[in-house]
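Note on naming: letters A, B, ... go to the chains in the order of the sequence lines (proteins, then strands), and numbering restarts at 1 for each one. As the structure is a computational prediction, the values presented were derived from the model and not from experiment.
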2 protein chains.
Amino acid sequence: MGALKNKMQEHRKTRGFSQEKLAQTLGVSRQTIISIEKGRYKPSLPLAMIIAEIFDTRVEDIFILEEEDYK
Amino acid sequence: MGALKNKMQEHRKTRGFSQEKLAQTLGVSRQTIISIEKGRYKPSLPLAMIIAEIFDTRVEDIFILEEEDYK
DNA sequence: TGGTAAAGTAAAGCTAACTTTACGTCAAGT
DNA sequence: ACTTGACGTAAAGTTAGCTTTACTTTACCA
């Protein structure tokens with residue numbers, strides 16, 4: 001139950017994406033974007049990697065593990 | 001259903017870890033290690049990040065997205 | 001030959017990632 | 001006043017990550 005912080009919203013706004021547009025680009029629902037940004041759940045590994053790819057950066061630069069964040 | 005290749009086994013052996021020992025270090029079951037190495041399923045994001053951390057490298061250096069690997 | 005360590009398979013169960021649908025709010029523009 | 005875009009919540013259903021337990025195989029070595 002540790003925390004997994006993320007800079008999704010930050011990166012998204014910097015790139016001028018709406019949640020809707022980002023969702024379409026990623027091939028997921030808008031709900032998924034909202035939930036990830038709000039920290040309601042953590043993206044799957046492939047999704048996280050595609051996000052990093054689209055934002056032209058690394059996974060670790062968007063998602064940050066806090067302490068022991070098992071599972 | 002795209003593929004997500006991984007270099008888990010490679011990294012693990014390089015570090016001299018048995019599946020059992022790696023599992024304990026990560027705090028997951030040995031089954032989980034086997035299944036990830038065999039490509040039966042993909043680790044969660046936090047697990048992938050902890051793996052990368054333990055192997056002292058980046059997520060992208062262990063897990064490789066092939067083509068469009070949604071979800 | 002018998003024991004042990006490492007790696008593998010199988011199956012049943014729980015949880016959370018993700019979906020879809022639908023509705024609510026607030027700001028900006030016309 | 002009304003619409004439109006962007007953001008948010010809620011709830012029910014499916015799927016897959018991960019667990020536990022238990023059994024099998026292979027290889028090494030006393």
Which residue lies more 5' along DNA chain D, comparing B:R30 with B:L45 via nearest heavy atoms: B:L45

On DNA chain D, nearest-nucleotide positions of A:E20 versus B:S35: which is more 5'? A:E20

OP1 or OP2 of [N] sitting under 4.0 Å from any side-chain N/O of [X]?
| X | N | value |
| --- | --- | --- |
| A:Q31 | C:dT20 | no |
| A:S44 | D:dG17 | no |
| A:R40 | D:dA10 | no |
| B:K42 | D:dG17 | no |

Any non-hydrogen side-chain atom of A:F55 less than 4.5 Å from a side-chain atom of A:L22? yes

For residues B:E60 and A:E60, determine if any side-chain heavy atom of one lies less than 4.5 Å from a side-chain heavy atom of the other. yes

Per [X] side chain, nearest of listed nucleotides [options]:
| X | options | value |
| --- | --- | --- |
| A:R12 | D:dC18, C:dG8, D:dC7 | D:dC7 |
| A:E37 | D:dG8, C:dA17, D:dT9 | D:dG8 |
| A:I34 | D:dT9, C:dT20, D:dC7 | D:dT9 |

Grab the two heavy atoms, one from [X] and one from [Y], that are nearest each other, plus how far apart they are.
| X | Y | answer |
| --- | --- | --- |
| B:D61 | B:K7 | O-CD, 3.6 Å |
| B:P43 | A:L45 | O-CB, 3.4 Å |
| A:V59 | A:A52 | N-CB, 3.6 Å |

Mind checking if B:S18 touches a base, just sugar-phosphate, or nothing, with heavy atoms under 4.0 Å? sugar-phosphate

Whole Å only: how far is the [atom1] atom of [X] from the [atom2] atom of [N]?
| X | N | atom1 | atom2 | value |
| --- | --- | --- | --- | --- |
| B:L4 | D:dA16 | CG | C1' | 14 Å |
| A:L47 | C:dA16 | CG | C1' | 14 Å |
| A:Q24 | D:dA6 | CD | C1' | 13 Å |
| B:I36 | C:dA7 | CD1 | C1' | 15 Å |
| A:K38 | D:dC7 | NZ | P | 11 Å |
| B:Y41 | C:dT15 | OH | P | 16 Å |
| B:M8 | D:dG17 | CE | P | 14 Å |
| B:N6 | D:dG17 | CG | P | 12 Å |

